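A quick write-up on the structure given underneath.
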Amino acid sequence: MAELLFREQPYLKSCEATVVAVQGDAVQLDRTLFYPLGGGQAGDTGRLGPWRVLDTRKGPTTDSVLHILEPGAAPTVGSTLEAQLDWERRHRLMRLHTALHLLGAVVKAPVTGGRIGEDKAHLDFDIDMSRLVAPEIEGELAGLVTRAIETRVRWISDGELDAHPELVKTMSVAPPRGEGRVRLLEIPGIDLQACGGTHVGNTAEIGSLNVVRIRSEGKRNKRVTLELA
């Protein structure tokens, strides 16, 4: 099991880590600041020693992380290397992920899916299209951003989550389990839900947002797409 530094230190840009396993182009480390693809959020990219990290995926066991290196990389088990994030890309992901928490609070409807990419992000809602008005959504999001609300991370037990199913807001994404505890992201007074992703520390850091598209993706999926302005 790797030490997942991104959970408690999302602003950490680099660290030293020891290679514990190599499987083709995939490397496992004893500690990592790279977030693996999951929960709708793209996996991190960056460098591990002299090699590019092209993607990051979840490994076969709880808390194992696969760092997908460029072809031809040749790290050895036991070697210690510097891991460096593509920080600007990660920071955009953090801003957009936090923005989706705000969007879910603004649009009062069940969330049926979502995705956070480096340039845009979206949520799908089970709602009538007539209730999704881009200028109104943008205005409410801007108000929450400018309130400069500090975000908080805390943990509850699996049992506590089972007793409070309302903390799982996205029907298509199950919160990460397997440790006996579940991570929550709280934006006080706005949103509280199970989430394993990376977020900014204050809503003001998100900056300006544009609603660039609202369209139907099916009977129960009305998609609202955001971009950073």
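FYI, side chains are in, hydrogens and waters are out, and symmetry mates aren't considered; it's all heavy atoms of this structure. Since we're looking at a predicted model, the values are computed, not measured.
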* To do: May I ask you to say whether Glu70 pairs ionically with Arg52, meaning some side-chain N is under 4.0 Å from a carboxylate O?
  => no

* Asked: With a 4.5 Å heavy-atom cut-off, do Leu54 and Pro71 have their side chains touching?
  -> yes

* Asked: Atom NE2 of His122 and atom CZ of Arg215: how far apart are they, to the nearest 0.5 Å?
  -> 8.5 Å

* Evaluation steps, side chain to side chain contact (heavy atoms under 4.5 Å, CB included), between Arg7 and Trp155 -> CA-CA 11 Å; Arg7 283 178 169 175; Trp155 296 82; 3.7 Å; yes

* To do: Examine distances only and state if a side-chain atom of Lys120 and a backbone atom of Gly117 form a donor-acceptor pair shorter than 3.5 Å.
  => no

* Val65 versus Leu4: any side-chain heavy-atom pair under 4.5 Å? -> yes

* For Glu227, does its backbone N or O pair with a side-chain atom of Asn210 as donor and acceptor, under 3.5 Å? -> no

* Please report the closest heavy-atom contact between Leu141 and Ala99, naming both atoms and the distance. => CD2-O, 4.4 Å

* Asked: For Val53 and Arg47, which heavy atoms make the closest approach, and how far apart are they?
  -> CG2-C, 3.8 Å

* Does the side chain of His91 come within less than 4.5 Å of Val200's, by heavy atoms? -> yes

* Among residues two or more places apart or on two chains, list those pairs meeting ring-ring contact (aromatic ring centres under 6.0 Å, His included) that have a residue in residues 184-217. => His97-His199, His101-His199

* Under a 4.5 Å side-chain heavy-atom rule over Ile, Leu, Val, Met, Phe, Trp and Tyr, are Leu81 and Phe6 clustered together? -> no

* Please examine the side chains of Arg92 and Leu228, heavy atoms only from C-beta on, and report whether any two atoms are closer than 4.5 Å. => yes

* Asked: Between Ala134 and Ile214, which heavy-atom pair has the shortest distance, and what is it?
  -> N-CD1, 3.8 Å

* NZ on Lys13 to CG on Leu33, rounded to 0.5 Å -> 10.5 Å

* Examine distances only and state if a side-chain atom of Thr146 and a backbone atom of Ala142 form a donor-acceptor pair shorter than 3.5 Å. => yes

* Which heavy atom in Cys15 sits nearest to a heavy atom in Leu12, and how many Å separate them? -> CB-CD2, 4.4 Å

* Asked: Do Glu136 side-chain atoms and Val133 backbone N/O form a donor-acceptor pair below 3.5 Å?
  -> no

* Using modelled atom types only, decide if a donor and an acceptor are shared between the side chain of Lys222 and the backbone of Lys219 within a distance under 3.5 Å. => yes

* **Glu82 vs Ser14, side chain to side chain contact (heavy atoms under 4.5 Å, CB included): CA-CA, chis, key distance, verdict** => CA-CA 7 Å; Glu82 183 177 18; Ser14 65; 3.8 Å; yes

* Without hydrogens or angle criteria, can the side chains of Asp44 and Thr56 be said to hold a donor-acceptor pair below 3.5 Å? -> no

* Asked: Hey, quick one: are Val106 and Leu96 part of the same hydrophobic cluster, counting side-chain heavy atoms closer than 4.5 Å, chains of contacts allowed?
  -> yes

* Structure fact -> dist Leu123:CG -> Asn221:CG (nearest 0.5 Å) comes out at 11.5 Å

* Asked: Hey, is the main chain of Glu16 close enough, under 3.5 Å, to the side chain of Arg31 for a donor-acceptor pair?
  -> yes

* How about Leu102 and Asp191: do any of their side-chain heavy atoms sit closer than 4.5 Å? -> no

* Asked: Is a donor on one side and an acceptor on the other found under 3.5 Å between the side chain of Thr203 and the backbone of Val145?
  -> yes

* Verify the distance criterion only: is there a donor paired with an acceptor across the side chains of Glu186 and Thr151 at less than 3.5 Å? => no

* For Leu93 and Glu118, which heavy atoms make the closest approach, and how far apart are they? -> CD2-N, 3.7 Å

* To do: Mind checking the CG-CG spacing from Leu66 to Asp25? Nearest 0.5 Å is all I need.
  => 11.5 Å

* Would you check if the side chain of Arg115 reaches a backbone N or O of Gln41 as a donor-acceptor pair within less than 3.5 Å? => no

* To do: Look up atom CE in Met94 and atom CD1 in Ile116, then write down how far apart they are to the nearest 0.5 Å.
  => 12.5 Å

* State yes or no: do Trp51 and Val77 share one hydrophobic cluster built from I, L, V, M, F, W and Y residues joined by side-chain heavy-atom distances below 4.5 Å, directly or via other members? => yes

* Stepwise, does the side chain to side chain contact (heavy atoms under 4.5 Å, CB included) test hold for Leu132 with Val224? -> CA-CA 8 Å; Leu132 297 172; Val224 180; 4.0 Å; yes

* To do: Taking the side chain as every heavy atom from C-beta outward, state whether Cys195 and Leu184 have any pair of such atoms under 4.5 Å apart.
  => no

* Around Glu150, counting heavy atoms of other residues, nucleotides and ligands shown, do more than 12 lie under 6.0 Å from its CD? -> no

* List in chain and number order the residues that pass ring pair (Phe, Tyr, Trp, His ring centres under 6.0 Å) with Phe125, two or more places apart in sequence or in another chain; answer none if no residue qualifies. => none

* Would Gln28 and Ser64 satisfy side chain to side chain contact (heavy atoms under 4.5 Å, CB included), going step by step from the backbone distance to the final call? -> CA-CA 7 Å; Gln28 294 187 51; Ser64 64; 3.5 Å; yes

* Is there a path of hydrophobic side-chain contacts, each under 4.5 Å between heavy atoms of I, L, V, M, F, W or Y residues, that connects Val20 with Leu48? -> no

* Structure fact -> Closest heavy-atom pair, Leu161 versus Ala194, reported as atoms and distance to 0.1 Å, is CD1-CB, 4.4 Å

* Side chain of Asn202, backbone of Ala204: donor and acceptor closer than 3.5 Å? -> yes

* Structure fact -> Value for NE2 (His67) from CG (Leu69), rounded to nearest 0.5 Å, stands at 8.5 Å

* If we only count heavy atoms from C-beta on, is the Ser157 to Arg181 side-chain gap below 4.5 Å? -> no

* **Whether Thr32 side chain and Leu29 backbone form a donor-acceptor pair below 3.5 Å** => no

* **Note, Ile187 side chain near Thr98 side chain (heavy atom, < 4.5 Å)** => yes

* To do: May I ask you to check whether Thr45 and Asp86 show a side-chain donor-acceptor distance below 3.5 Å?
  => yes

* Structure fact -> Which of Arg152, Lys169, Arg154, Glu166 passes side chain to side chain contact (heavy atoms under 4.5 Å, CB included) with Leu192? Answer is Arg154

* Transitively linked via ILVMFWY side-chain contacts under 4.5 Å: Leu5 with Tyr35? -> no

